[in-house]
2 protein chains.
Amino acid sequence: MTERPPDASNNLIARAYAGGRASAQRLAVAQAVGRAAGAFTVDDLTALVRERDPGVSKATIYRCVSAMAASGYLTRIGDRDGAVLWVRCDADGHHHHLVCTSCGATAHTACPVDADALAASAPEGFTITSHDVRLYGLCASCSGRMQRAGG
Amino acid sequence: MTERPPDASNNLIARAYAGGRASAQRLAVAQAVGRAAGAFTVDDLTALVRERDPGVSKATIYRCVSAMAASGYLTRIGDRDGAVLWVRCDADGHHHHLVCTSCGATAHTACPVDADALAASAPEGFTITSHDVRLYGLCASCSGRMQRAGG
DNA sequence: ATGTATGCAAACAATTTGCACGACC
DNA sequence: GGTCGTGCAAATTGTTTGCATACAT
């Protein structure tokens with residue numbers, strides 16, 4: 001599984017940008033997303049891109065992220081210090097994200113919202129159309145590290 | 001020329017700013033918060049303050065909001081167009097907020113998160129320390145208005 | 001008297017955009 | 001060749017901050 005088909009790059013771009021045009025920069029950004037450990041800001045992503053392609057401008061990365069979000073390839077899962085947090089999310093269906101507050105790793109969870117409880121406590125007449133659940137905590141490895149450190 | 005606000009005003013300031021110094025501006029901002037219908041941005045609040053006190057600077061309003069948030073008088077409940085959304089929240093205990101996407105009105109709900117479901121679907125080893133639930137929908141009056149309009 | 005709050009404007013940071021140029025199809 | 005993507009820099013926007021002054025205590 002280490003060998004990629006010759007058109008792998010084009011496939012990646014097609015998936016990430018929903019049929020946009022292929023360019024070296026778009027490929028670099030899409031690959032950087034693949035190398036991201038979990039949630040990332042545009043700044044984080046810029047650093048990842050420039051590890052291999054130092055010439056890509058930040059404006060381009062912003063434009064790539066917008067395109068990827070529009071195509072559903074990226075999902076906005078929160079904020080960190082005023083910057084938007086993104087994550088590559090290919091899971092289907094309604095779910096939410098866990099974010100490790102220590103290392104930024106992310107994971108999916110099923111939606112833990114109890115619809116009955118929600119309906120019961122919502123005020124009379126209020127129609128709930130959507131919800132946004134963000135779960136924070138420590139991933140297994142950070143959790144272990146904290147415990148060993150005496151947290 | 002020491003003009004001292006009446007006791008009710010001092011009480012309001014004491015509650016809102018956790019013992020800070022009383023000033024006309026702080027009073028104006030705290031009163032504007034009281035007049036806010038639900039969630040508001042600093043811009044919204046500035047408009048409310050200036051309805052009655054046109055001279056209050058935005059920097060002061062930012063500083064007042066920070067102080068009120070630090071004292072627990074205001075709670076950050078989300079964002080709107082890149083600006084932070086605040087709400088006056090005097091409810092005790094763990095709860096969440098509904099926001100009407102049409103008029104900005106807010107309401108409390110009990111926490112609808114099913115802890116068992118959450119524990120069951122969280123990945124092995126991930127320790128969830130906190131969560132943030134934002135509920136969006138239409139309040140009773142906006143809901144009625146939409147229905148009447150045929151939407 | 002002393003320290004705190006205010007106003008102003010400049011600083012800041014994240015993000016967007018206008019424009020000329022170059023690349024992709 | 002026409003269109004779309006890119007780079008650069010400037011513009012936007014929400015928010016913070018330095019500083020001198022006014023004010024509360």
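Just the heavy atoms: all of them, side chains too, but no hydrogens, waters or symmetry mates, feed the values below. Just so we're on the same page: letters track the sequence lines, and every chain starts at 1.
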Distance check: side-chain N/O of Ser23(B) vs OP1/OP2 of dT4(C), anything under 4.0 Å?
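False: Ser23(B) side-chain N/O out of range (4.0 Å or more) of dT4(C) OP1/OP2.
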Quick one: is dA5(C) close enough that its OP1 or OP2 comes under 4.0 Å of any side-chain N or O from Thr60(B)?
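No, Thr60(B) has no side-chain N/O under 4.0 Å of OP1/OP2 on dA5(C).
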Rounded to whole Å, how long is the line connecting atom [atom1] of [X] with atom [atom2] of [N]?
X: Asp79(B); N: dT15(D); atom1: CG; atom2: C1'; answer: 13 Å
X: Asp81(B); N: dT15(D); atom1: CG; atom2: C1'; answer: 16 Å
X: Lys58(B); N: dT6(C); atom1: NZ; atom2: P; answer: 16 Å
X: Arg21(A); N: dC4(D); atom1: CZ; atom2: C1'; answer: 4 Å
X: Gln25(B); N: dA22(D); atom1: CD; atom2: P; answer: 14 Å
X: Ile61(A); N: dC8(D); atom1: CD1; atom2: C1'; answer: 14 Å
X: Tyr62(A); N: dG18(C); atom1: OH; atom2: C1'; answer: 18 Å
X: Arg76(A); N: dT15(C); atom1: CZ; atom2: C1'; answer: 11 Å

Starting the side chain at C-beta, find the nucleotide from dT15(C), dG3(C), dT17(C) nearest to Val42(A).
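Looking only at heavy atoms from C-beta outward on Val42(A), the closest nucleotide is dT15(C).
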Gly55(B) vs Ser66(A), nearer the 5' end of DNA chain C by closest nucleotide
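That would be Gly55(B).
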Starting from the 5' end of DNA chain C, give me the residue, Arg63(A) or Gly20(B), whose nearest nucleotide shows up first.
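Looking at the nearest nucleotide for each, Gly20(B) comes out on the 5' side.
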Which is true for [X] with a 4.0 Å heavy-atom rule: it touches a base, it touches only sugar-phosphate, or it touches nothing?
X: Ala83(B); value: sugar-phosphate
X: Arg26(B); value: sugar-phosphate
X: Ala59(A); value: base

Strictly by modelled atom types, are Arg88(B) and Tyr73(B) linked by a side-chain donor-acceptor pair under 3.5 Å?
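Side-chain D/A pair, Arg88(B) to Tyr73(B): present.
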Between the side chains of Thr41(B) and Asp44(B), does any donor sit under 3.5 Å from an acceptor?
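Present: a donor and an acceptor within the cut-off.
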Would you name the heavy atoms of His108(A) and Pro123(B) that are closest together and state the gap between them?
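Distance-wise, the nearest heavy atoms are O-CD, 4.3 Å.
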Could you tell me whether the side chain of Trp86(B) reaches within less than 4.5 Å of the side chain of Val65(B), counting heavy atoms only?
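In short, these two side chains touch, coming nearer than 4.5 Å.
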Would Arg134(B) and Asp79(B) pass as an ion pair if we require N to O under 4.0 Å?
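Counted as a salt bridge, because a side-chain N and a carboxylate O are separated by less than 4.0 Å.
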